[in-house]
Amino acid sequence: MGLFLNNFKKTNRNMKLFTKIAGIAFLSMVFAQPLSAQQKYEWKTAKSGGYDYKYVENDPSHARFYTLKNGLTVILSPSKKEPRIQTYIAVKAGSKTDPATHTGLAHYLEHMLFKGTDQFGSLDWAQEKPMLEKIEHLYEEYNSTKDEAKRKEIYKQIDIASGEAAKFSIANEYDKMMAGMGAKGTNAFTSFEQTVYTEDVPSNVIDKYLAVQAERFRYPVFRIFHTELEAVYEEKNRGLDNDSRKTFEEMFKQLFPNNNYGKQTTIGTIEHLKNPSLVEIRKYFDTYYVPNNMGVIMAGDFNPDEVIKKIDQDFGYMKAKTIPPYTFDPEKAIATPITSEVFGPEPERIMLGYRFPGASSDDAQILTLVGNILANGSAGLIDLDLVKKQQLLGAYAFPYVLKDYSMLLLQGFPIEGQSLDDVKTLLLKEINKLKTGDFSDDLITSIINNEKKSAIQTNESYSERASSLMDNFTSDVDWIKNVSYVERLNKLTKKDIMAFANKYLNDNYVAIYKRQGEDKNILKVEKPPITPVTVNREAQSDFLKKIAEMPENKIEPVWLDYKKDIDRTQAGNYEVLSVKNKDNSLFRVNYYYETGSWSNKLLPIAADYLEYLGTKNKSSEDISKEFYQLASSFKVNVSSENTYITIDGLQENFGKSISQFDDLLHNCVADQDVLESYIARLKKSRGNNKQNKGQIMQGLMSYAQYGPQNPFNNELTDKELDGLKAEDLVNLLHDLANYKHQILYYGPKTAMEIASELKNTHPAPAQFKALPAPKKFMQQDQNTNQVLLAHYDMVQAEVYWVRNSDKYNPTQVPEISFFNEYFGGGMGSIVFQTIRESKALAYSTFAYYGTPSNKDYRSAFRAYIGTQSDKFSESVTAMNELLNDLPESSKAMETAKLSLRKKLATDRITEDGILFSYLNAQKMGRDFDMRKNVYEKAATMNFTDLKKFHAQEISKKPYTYCIVAGDGKIEESKINDLGPVKVLNLEEIFGY
C-alpha cells in the first residue's frame, strides 16, 4: 500500500553516474509495423457471449472495452503466455478530490480497503459493530476538540476502545485470502486522480478473486484504524526524509496554485493526519467508489467471454450515482520564471517545469515526442550535449501527463564547482535548440523506430499491458490515441516541433532549486501512545472458508529442463546458448564473462568510460546516434564477479548492431581529456553517494557481513583515480574480447543461425586469455551482538539485523522458502502482522533468510525496520522477540504453504530468463530447476520444520545491528543496550 505522489514509479530512475534517462512514452501501446505501412485504427463494436463491447481495429493488445448496465467499465486483454492474470480495480478519484479540510483522505481510504467488511475480517460482527461506532464518534469528538489535555484523554479512550474492538477483528484476512490463492503483488496506490488496487493472480482462481473483490467494495469496514493511521504517519515521515519527493511537491505547488495538483499533497498535511474523520472517509467512499467511476482491468490468461459474465454477476449489485465534477479556476499564464527552494541532506540539483494541456489533448502526445528529442537515453539533445560531453553530472527530461494538465520536467545535477544556475543555463540552451530546430532531421524517425521497439517490449508482459490500459482509463484518454500513436508521430515534422516549442517553452517555467542544508520546515508526525492490538492469527471468517472451498482447476507446474529448453552450439571458440523468441522480432544478446570488479577494480571504470569514447572514424556522439537509428542499444554491466555486455534491438539489425559494438570495443581511442572529465564527475558522484542514506546503509551491511575490507568499499582511492591513464583503460577494453565468455542469445533465430552470423560479426580469438583471479572477501562470524552506527540528517531511523549463517546447503532451500513465506515475506507474514498491524511500530518491515549467489558462499539472514526515532527501542524489542520466539499459527502456516506452492505452479521462466536461470544453477552446482524440489517438499512441511529452522538459524543468535539515524535523535543508552557500538565515518564505509 502506498501513494504514487507524482507517479514516482516513472521518476525513480537509477541515478548512478552517467546513466542516461530516457523520456517516458505517453502510455504508448503501438507495435512494430514497417514505416511505410499505414494501419487503420477505428473503434468497432461487436457482441460475444451475450455482451456488447468495443475494440480498436488493429489493436495488438486485443483489448475489449465493456460497459456494464450499472456503468462499470471492464477492459479485458487476453494473453496465453503465462497462466496468470494482472488485475487492476481502478477508481477515478485520488488526492485531487480530497476535501480541502481533510487532505490525505483518499490515501487513508486506500489503506482501509484492506481491512475487510462485515463478512470478512471479523470474528463477530454483531459485537464488533457497536465498538467501531464508538471509535468513530470518539474520533469526531477528538477532531472538534482543541484543548490538548482533553485531546490526550480522548485519544486514550480511542486506544482503549480500539483494543477492545480488535478482539473481534481478524487482521490481514484479505491478504491471507489472496496469499492462499497464490497472488503476487498484493498492493494499492493513490495518486492525484486515481486510486488503484492491484493483484497478480493465477488464472485458475478468477472466481475466487472476483468473489473477494466484489465483497471488498460492497461495504468496507474501517477496523484496526488507529494502528493503520500510525502506519500512514510513518509513511509521511519517510516522505519528509525524501528530498526528491519534496522537490516534486514544491514543483506542483508552484505550477498549479489553483488546481489541487498543487494545493494538496497525496498523503496530506500533518494537521489533517492528526485529525482524521471516519465519517468523512465513509462519505468519500460513498461518493466516488461507484461503478460508473470505476474500472476492472485485466490482462492475462483467460477467456474474455467467460470473464465478463463472471464480473457482471459479481459486481452487478453496485448502483450508479452522479459523481460530483471536479472544478477549478484555470491556471494563469506564467509571465516570468518562478523560482523556489527546498532543502535537505541529499545532493543538490535543479528541476525545471513547464505547464501544458491535459492528457486527452493532441499536444500531450506531441509532448512525448518533444521529451524524447530532449532525452531518450541515447541520442537526445541532453544525452549528447550534456551527458556525453560530460557537461553535467546527470540530466534528464520527461513528460508528466495528468488529466487536467501535463508537464515537461527537466532535472540536472551539477559537477564539481558548478552552480545550480549554471545547470539551469545549460538545460535552457537545449530547450532553445528545440525552438530553433537545431537537431538532426532524422531524430524524429529514430524516435519512432524506438517507440515501436518499446511497444513490442511492453506487449511481451501481460502486467505492462494491463498497466497501460489502466492508466488510459483513469486519465480519460481515448485508447485509439494510444494505438495510433506512432502513426500520428509519422505525420509530424521538424517545423511542427519548432512551432510547438515556441508556443509552450519560453520564460514560463518554474525552477526548483534543491539545495543542501537543514530543512527548517520539517515537522514530523509525533508518535501517539498506542497499545498493541490483538491480531487473532488463528481465526477465520466463514467468508474466508467459503472462498477456500470454491473449486479451482489445477494448474500443473512447468519446470525448466536445461538440456531441452536451451539450444547449444559453438561459434568458433564461443559457446552459444540460445532460446528462441517465438513472439516477435526482437533480440537480446549477452556476452557473459565470469569476471568482475573483484578481479580488477578498473573494469567497472573502463566500462563506464566506454560510454564517452569514439573510434578513429566516429565520435562517441556518432556512435550513439547510429545505435539509436537502428533502435538498438548496448550496456556493459560489471558486478563483483560477473560482467555482462548486453546488446538488444530488432533482429533485422542484428548484424549491424553486433558489428558496431565490436568495432567500438576493439577500436575505441584513448582520450585523456575525456578521462579527466570523467574522473572529476566520478569523484563528485562518489561524494554524492556519501549524502545518500540508502548507500550508507548498504555500506554498513557490507561491513557487517565482511568486515572493514568488504565488497562495498572495494574502490579506488581518489589518489588512484588521479593516476589513471586513458591508455590503460582502453587497453583493458580492447582486451575484453580476448577473455573467455559465453554468448547468450534470445531472438527469432536458432543457435546455429546465430553462431554462423557471429563468426563474421563477433569472431572468437584462436585462444582465450586466462581470466584474472578474483579477490576473495570472507564473510565474518557474528559471535556477539554489536552495533554499526552511521549518522544522517533524517526524521526516521532505519535498522537492519545482519547475520551470516553456514555455508550454502541445497537441502535447506525448500524450508528456507517456506520459512520466508511464513515469517517475513508479505503483508500476511508474522513480522508484518506483529510489528505493523498489531503494534503500529513501522510502515515498512520485513525479514528474510537469503541464499548466496555461489555455492561456495554462506547464506545470511536480514531483518529490517524503518521507524520513527522515538519508537526505536519498542521496534527493536518487537523484532527481537520474533527472532527469539517464533509465534505459531497453523492457519498462517497453511496459507504460507498454499501461497508458495501456487506461486511456483503458475510461475513461468521464459525468454532469456531461461538462460540466466541456467547460469545461476551452474553457480550453485546443480543442473536442474530447484523450484521443483521446493514445490514437492513444501507439500509435506509443517510447523515443526519451521520451528526447527528458526531455532537452528535465527533464535537467540548474535546479530550485527546496522543503524542509520539522526545524530542525537536516539538516546545513546538505548543503542548501547544492543551491544558494543562502533560509529563508522564515511571513509570507513565507502573506502574513499
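What you are looking at is a predicted structure, and each value in this text was computed from that prediction instead of being measured.
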Study note, to complete from the structure: Applying side-chain contact (heavy atoms from CB on, under 4.5 Å) to Thr493 and not counting sequence neighbours gives Lys495, Asp496
**Study point:** Side-chain heavy atoms of Ser61 within contact of Trp479, under 4.5 Å
**Key:** yes
Point to revise | Straight-line distance of Gln391 CD to Thr425 OG1, nearest 0.5 Å | key: 12.5 Å
Exercise for review: Show your reasoning for whether side-chain hydrogen bond (donor to acceptor under 3.5 Å, both in side chains) applies to Gln86 and Ser463.
Suggested key: CA-CA 5 Å; Gln86 176 63 57; Ser463 59; 4.9 Å; no
Check your understanding: Taking 4.0 angstrom as the limit, do Asp441 and Lys494 come out as a salt bridge?
Key -> yes
Check your understanding: For Lys403, which residues count as a salt bridge (Lys or Arg N to Asp or Glu O under 4.0 Å) partner, sequence neighbours excluded?
Key -> Asp476
Review point. Using 4.0 Å as the upper bound for N to carboxylate O, is an ion pair formed by Lys96 and Glu193?
Key: yes
Check your understanding: Would you say Lys92's side chain and Gly295's backbone share a donor-acceptor pair under 3.5 angstrom?
Key -> no
Exercise for review: Answer yes or no: is there an ion pair linking Arg349 with Glu346, defined by an N-O contact shorter than 4.0 Å?
Suggested key: yes
Review point. Between the main-chain N or O of Ser468 and the side-chain N or O of Asn472, is there a donor-acceptor pair closer than 3.5 Å?
Key: no
**Study point:** Euclidean distance, Glu348 CD relative to Leu393 CG, rounded to 0.5 Å
**Key:** 12.0 Å
Check your understanding: Looking at Phe343 versus Tyr513, is the centre-to-centre ring distance below 6.0 Å?
Key -> no
Practice item. Please report the C-alpha distance between Glu250 and Ser340 in whole Å, then the side-chain angles of each, then the deciding distance to 0.1 Å, and finally whether the side-chain hydrogen bond (donor to acceptor under 3.5 Å, both in side chains) criterion is met. Key: CA-CA 8 Å; Glu250 186 63 21; Ser340 187; 2.6 Å; yes
**Study point:** Check: Arg64 side chain, Tyr55 main-chain N or O, donor-acceptor pair, under 3.5 Å
**Key:** no
Review point. What pair of heavy atoms forms the shortest contact from Gln629 to Ser446, and how long is it?
Key: CG-OG, 3.1 Å
Practice item. Rounded to the nearest 0.5 Å, what's the gap from CG on Asn259 to NZ on Lys253? Could you check? Key: 15.5 Å
Check your understanding: So does Lys435 have more than 12 non-hydrogen atoms from other groups sitting under 6.0 Å from NZ?
Key -> yes
**Study point:** Glu57 side-chain N/O to Tyr41 backbone N/O, donor-acceptor pair under 3.5 Å
**Key:** no
Exercise for review: Output every pair passing salt bridge (charged side-chain N to carboxylate O under 4.0 Å, His left out) with a member in residues 408-420, not counting sequence neighbours, ordered by first then second residue.
Suggested key: none
Review point. Does some side-chain heavy atom of Glu611 sit less than 4.5 Å from a side-chain heavy atom of Lys388?
Key: yes
Point to revise | Heavy-atom side-chain proximity of Leu434 to Leu374 below 4.5 angstrom | key: yes
Review point. Thinking salt bridges, do Asp385 and Lys433 make one under a 4.0 Å N-O criterion?
Key: yes
Review point. Do Glu626 and Lys656 meet the salt-bridge criterion of a basic N to acidic O distance under 4.0 Å?
Key: no
Review point. So, the side chain of Ser461 versus the backbone of Thr458: is there a donor-acceptor pair under 3.5 Å, distance only?
Key: no
Review point. Atom CG in Asn692, atom OG in Ser685: separation rounded to 0.5 Å?
Key: 10.0 Å
Check your understanding: What about the rings of Trp43 and Phe65, do their centers lie closer together than 6.0 Å?
Key -> yes
Exercise for review: Flag the pair Asp673 / Ser677 as yes when at least one side-chain heavy-atom distance between them is below 4.5 Å, and no otherwise.
Suggested key: no
Review point. Ser360 and Val477: which non-hydrogen atoms are nearest, and at how many Å?
Key: N-CG2, 4.3 Å
Study note, to complete from the structure: With Tyr261 as partner, the option from Phe256, Phe328, Tyr400 fulfilling ring-ring contact (aromatic ring centres under 6.0 Å, His included) is Phe256
**Study point:** Taking every non-hydrogen atom, the tightest pair across Asn449 and Ala631
**Key:** O-CB, 4.0 Å
Exercise for review: Taking Asn506 for its side chain and Asn502 for its backbone only, find out whether a donor-acceptor pair lies under 3.5 Å.
Suggested key: yes
Review point. Do you know which two heavy atoms are closest between Ser632 and Ser657, and how far apart they sit?
Key: OG-OG, 2.6 Å
Point to revise | Test item: Gln660 and Leu630 side chains (from C-beta on) under 4.5 Å apart, heavy atoms | key: yes
**Study point:** Heavy-atom closest contact (Leu352 atom, Ala511 atom, distance)
**Key:** CD2-CB, 3.6 Å
Check your understanding: Are any of the side-chain heavy atoms of Gln194 and Val91 separated by less than 4.5 Å?
Key -> no
**Study point:** Thr73 OG1 to Phe473 CZ distance, which is reported to the nearest 0.5 Å
**Key:** 4.5 Å
Practice item. Identify, with sequence neighbours excluded, every residue that meets salt bridge (Lys or Arg N to Asp or Glu O under 4.0 Å) alongside Asp329. Key: none
Exercise for review: Determine, using ring centers only, whether Phe192 and Tyr405 are less than 6.0 Å apart.
Suggested key: no
Study note, to complete from the structure: Taken in chain and number order and not counting sequence neighbours, the residues that satisfy salt bridge (Lys or Arg N to Asp or Glu O under 4.0 Å) with Lys44 are Glu42
Check your understanding: Between Arg355 and Asn508, is any side-chain donor less than 3.5 angstrom from a side-chain acceptor?
Key -> no
**Study point:** Donor-acceptor pair, side chain of Glu331 and main chain of Asn258, under 3.5 angstrom
**Key:** yes
Exercise for review: Rounded to the nearest 0.5 Å, what's the gap from SG on Cys668 to OH on Tyr612? Could you check?
Suggested key: 14.5 Å
Practice item. Would you sort out whether Asp648 and Ser633 count as a side-chain hydrogen bond (donor to acceptor under 3.5 Å, both in side chains), showing the intermediate values? Key: CA-CA 6 Å; Asp648 67 8; Ser633 65; 2.6 Å; yes
**Study point:** Any donor-acceptor pair under 3.5 Å from Asn581 side chain to Asn584 backbone
**Key:** yes
Check your understanding: Stepwise, does the side-chain contact (heavy atoms from CB on, under 4.5 Å) test hold for Tyr628 with Ile447?
Key -> CA-CA 8 Å; Tyr628 195 65; Ile447 289 171; 3.4 Å; yes
Practice item. Might you point out which heavy atoms bring Ile373 and Ile497 nearest each other, and give the distance in Å? Key: CD1-CG2, 3.8 Å
Exercise for review: Would you confirm whether Asp622, through its side chain, and Ser619, through its main-chain N or O, come within 3.5 Å as a donor-acceptor pair?
Suggested key: yes
Check your understanding: Centres of the Tyr354 and Tyr504 rings: under 6.0 Å?
Key -> no
Check your understanding: Can Lys481 and Asp478 be counted as an ion pair, charged N to O under 4.0 angstrom?
Key -> no
**Study point:** Residues that Glu341 engages under salt bridge (Lys or Arg N to Asp or Glu O under 4.0 Å), provided they are two or more places apart
**Key:** Arg515
Check your understanding: Hey, is the main chain of Thr339 close enough, under 3.5 Å, to the side chain of Gln254 for a donor-acceptor pair?
Key -> no
Check your understanding: Heavy atoms, side chains only, cut-off 4.5 Å: are Leu729 and Leu610 in contact?
Key -> no
Point to revise | Residues Lys625 and Asp442 bridged, charged N to O under 4.0 Å | key: no
Exercise for review: Could you tell me whether the side chain of Ile338 reaches within less than 4.5 Å of the side chain of Ile334, counting heavy atoms only?
Suggested key: yes
Practice item. Report the C-alpha distance between Thr45 and Lys54 in whole Å, list the side-chain angles of each, state the deciding distance to 0.1 Å, and finish with yes or no for side-chain hydrogen bond (donor to acceptor under 3.5 Å, both in side chains). Key: CA-CA 4 Å; Thr45 58; Lys54 298 193 306 177; over 6 Å; no
